[in-house]
2 protein chains.
Amino acid sequence: MTAPAATPLSLRIRAAGEVPGDTVDSAGNLILSTQTVAALSAIAVPLDVKARTPVVRQGDEAEFVFLIRSGVIKAEHQLEDGRTQIVAFHWPGDLFGLADHDLYLNSADALTDCDLIRFSRPALKALFLTEPGLQGDFLVEAIAHLRLSQRHLLLVTHQRVAKRLAGFLIECSQKPECYDTQTGVLSLIMDRTDIAAYLNTTVESVSRMIGALEERKLITRVDARHVRLDLPGLKALLTR
Amino acid sequence: MTAPAATPLSLRIRAAGEVPGDTVDSAGNLILSTQTVAALSAIAVPLDVKARTPVVRQGDEAEFVFLIRSGVIKAEHQLEDGRTQIVAFHWPGDLFGLADHDLYLNSADALTDCDLIRFSRPALKALFLTEPGLQGDFLVEAIAHLRLSQRHLLLVTHQRVAKRLAGFLIECSQKPECYDTQTGVLSLIMDRTDIAAYLNTTVESVSRMIGALEERKLITRVDARHVRLDLPGLKALLTR
DNA sequence: CGAACGTTTGAAAATCGTCAATGTCAGTGG
DNA sequence: CCACTGACATTGACGATTTTCAAACGTTCG
């Protein structure tokens, strides 16, 4: 679960979604020049957080940007009306810490033990002046996030909870961290409440829908946190 | 059919949302250096489109990025299952033309007559090499769009259509292009179908909800496309 | 063991989508 | 000038999915 880190700091910035050829490696990570990595490393501070602990609070002064080396982070936004919407799950290689007016826009909590790296925003800004190439990398990242965000929107706007859930399971199955391609078993890192908050529904509906999908033989429950997926079946459900 | 262009090209790039002081002017537009504007102008091509005409099609090769000088654009995404979700309305100063794998991710249609400027993507990329500052401006823009996108998500995930509609009206009231602060009258430039597609509901529900809001005296219909808003009341509804 | 938490299940109410019909308005052509 | 047409908007009735409220069930952990 922890990064091997052959070099003192291996910075894997995942370009969520896909980008044209020459900016990412085979694993979908940005290719950073040696000097860029060196410059970034100089201002990088490793930070380990345990599962179920907050990393940043919505509304706090945004001092840092975070990069995930291992673990999963949930980003949630509290509305004025008391609702809490999960805006994204962040995976290894993701950057997080979106800010507006120098305040964090969302709260971020560790779902699992996490191995993070944090960069001071001012220091990053300064780096941009001396390392122009770095800006481009962050631009690619920002646009990738934009696509991800849109994908989440499209997921959440499916009218039937069944479709939203199917889409969510498919999404998770694309994360090597929690899907075993061999057995077809998906490990759910988050609890029902989090799934509900991400899919914009209720715990009860999530629970019922899991049951419904199981009856339709699209998934098989191993236990509450482990399900075997019929990916083709789920994808068919989604496009129907 | 051609741009009026008082100056050869006045490039207003709106930093959607808000950004810290020194990168935007009082109107919320990015401050571009003279040489940046000159460089951009060199590759800028004015383009005028009439209301209700397509600008780009989802899936087409993404050759350009567009900047809106005047008019309103709707960006919509066709799902495999036939659903069409409006992903954003773009206003003057906005950039649009999000791409993935060099293909447009969404279709864009002009809602009103539009005065656009288009930049060739390869030319832009080339510019980034010679004008490092420009990349930063686009980074700011991308992040601003990210915030906007999240706001749309939060809007759409309100459970009650009433709340979504209220949020939408408030959002529109922040566009000087369609809200008259003096009279409090909002001009809806999009039809009910588009509003429904943006709010993830149906034409009928939108229509009914407008009626419901009117009964609750939160809005007054002048005609189908013009409503007087009780902004405080609408905001109260949203946070309840 | 018991408490706390997460998950599941049940039953009832409510919102919303669907289908269908009607209404309104602008533009067209006789 | 008026009927006609088509696009858009509204209204009604119905059914269905989903939320809500409650309670039971299982696990984990002190």
Side-chain angles (χ1 to χ4, degrees), chain A residues 50-53 74 81-86 109 111-112 155-166 168-169 186-216 219-227 237 240, chain B residues 51-53 74 79 81-86 109 111-112 155-166 168-169 186-216 219-227 237 240:
Chain A
K50 287 195 287 287
R52 283 174 305 283
T53 54
K74 80 170 167 193
D81 63 355
R83 193 161 56 92
T84 295
Q85 174 73 36
I86 293 189
D109 290 84
L111 282 181
T112 65
L155 178 60
V156 163
T157 52
H158 279 289
Q159 300 214 150
R160 305 219 187 301
V161 177
K163 282 197 174 191
R164 278 177 269 169
L165 184 57
F168 172 70
L169 293 174
L186 179 74
S187 306
L188 294 170
I189 304 174
M190 56 294 283
D191 60 28
R192 300 290 191 263
T193 309
D194 285 342
I195 297 176
Y198 184 70
L199 296 182
N200 191 36
T201 179
T202 61
V203 199
E204 294 92 331
S205 288
V206 169
S207 184
R208 275 187 255 270
M209 272 312 144
I210 289 179
L213 289 184
E214 191 167 30
E215 270 189 16
R216 294 161 75 172
I219 66 177
T220 320
R221 238 177 303 197
V222 178
D223 61 52
R225 297 295 189 99
H226 297 269
V227 286
L237 167 63
R240 193 185 339 143
Chain B
R52 283 173 306 280
T53 54
K74 80 170 166 193
L79 285 278
D81 62 356
R83 196 159 56 91
T84 295
Q85 172 74 37
I86 294 190
D109 290 83
L111 282 182
T112 66
L155 178 59
V156 163
T157 52
H158 279 288
Q159 303 218 145
R160 314 263 234 227
V161 177
K163 282 196 174 192
R164 276 178 270 170
L165 183 57
F168 172 71
L169 294 174
L186 178 74
S187 305
L188 295 170
I189 38 194
M190 56 294 283
D191 61 26
R192 299 289 190 263
T193 310
D194 284 344
I195 297 177
Y198 184 70
L199 296 182
N200 191 37
T201 178
T202 62
V203 198
E204 295 93 332
S205 288
V206 169
S207 186
R208 274 187 257 269
M209 273 311 145
I210 289 179
L213 289 184
E214 192 167 30
E215 270 190 14
R216 294 162 75 173
I219 66 177
T220 320
R221 239 176 303 197
V222 178
D223 63 51
R225 295 296 188 99
H226 297 270
V227 285
L237 167 62
R240 193 185 338 144

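Proteins come first, then strands; the chains are lettered A, B, ... in the order of their sequence lines, and each starts at number 1.
Comparing B:Gly211 and B:Arg52, the nucleotide of DNA chain D nearest to each residue sits closer to the 5' end for B:Arg52.
Computed from coordinates, the A:Arg192 CZ to C:dT9 P distance equals 10 Å when rounded to whole Å. As rounded to whole Å, 15 Å separates atom C1' of C:dC25 from atom CZ of B:Arg221. We find that CD of A:Glu214 is positioned 15 Å from P of C:dT7, with the value rounded to whole Å. In this structure, B:His226 atom NE2 and D:dA9 atom P are separated by 12 Å, rounded to whole Å. Distance CZ (A:Arg160) to C1' (D:dT19): 16 Å, rounded to an integer number of Å. Nucleotide D:dT17 holds its P atom 14 Å from the NZ atom of A:Lys163, rounded to whole Å. When rounded to the nearest whole Å, the span between CD1 of A:Ile210 and C1' of C:dT7 equals 9 Å. For the pair A:Leu188 CG and C:dT8 P, the computed distance is 10 Å after rounding to whole Å.
Among D:dA9, C:dC16, C:dT7, the nucleotide with an atom closest to any side-chain atom of B:Asp191 is D:dA9. In this structure, of C:dT8, D:dT18, D:dA9, it is D:dT18 that holds the atom nearest to the side chain of A:Met209.
Near-neighbour residues of DNA chain D inside residues 197-207 of chain B, defined by a heavy atom below 4.0 Å, number-ordered: B:Glu204, B:Ser207.
Side chain of A:Arg83 to backbone of B:Gln159: no donor-acceptor contact under 3.5 angstrom is found. A side-chain donor-acceptor contact under 3.5 Å links A:Thr53 to the backbone of A:Lys50. The closest donor-acceptor contact from the side chain of B:Asn200 to the backbone of B:Val156 lies at 3.5 Å or more, if one exists at all.
By the 4.5 Å heavy-atom criterion applied to side chains, B:Leu186 and B:Ile219 are not counted as neighbours. Using a 4.5 Å cut-off on side-chain heavy atoms (C-beta onward), B:Val206 and B:Tyr198 make no contact. For the pair A:Thr201 and A:Arg208, the minimum side-chain heavy-atom distance is 4.5 Å or more.
Atom CZ of B:Arg160 sits in a sparse spot, with 12 or fewer heavy atoms from other residues, nucleotides or ligands closer than 6.0 Å.
Residue B:Arg225 is in sugar-phosphate contact alone, with no base atom involved, counting any heavy-atom pair closer than 4.0 Å across all strands shown.
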For this session: Give the intermediate values and the outcome of side chain to side chain contact (heavy atoms under 4.5 Å, CB included) for residues A:Leu155 and A:Lys163.
Result: CA-CA 8 Å; A:Leu155 178 60; A:Lys163 282 197 174 191; over 6 Å; no
Problem set entry | Residues A:Asp81, B:His158; criterion side chain to side chain contact (heavy atoms under 4.5 Å, CB included); working and verdict | CA-CA 10 Å; A:Asp81 63 355; B:His158 279 288; 3.7 Å; yes
Seminar exercise, completed: Per-residue pairing states of DNA chain C in dot-bracket (Watson-Crick or G-U under 3.5 Å; . unpaired, | other strand) read ||||||||||||||||||||||||||||||
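At a cut-off of 3.5 angstrom, counting only N and O atoms as typed in the model, there is a donor on one side and an acceptor on the other between the side-chain of B:Arg208 and the base of C:dT18.
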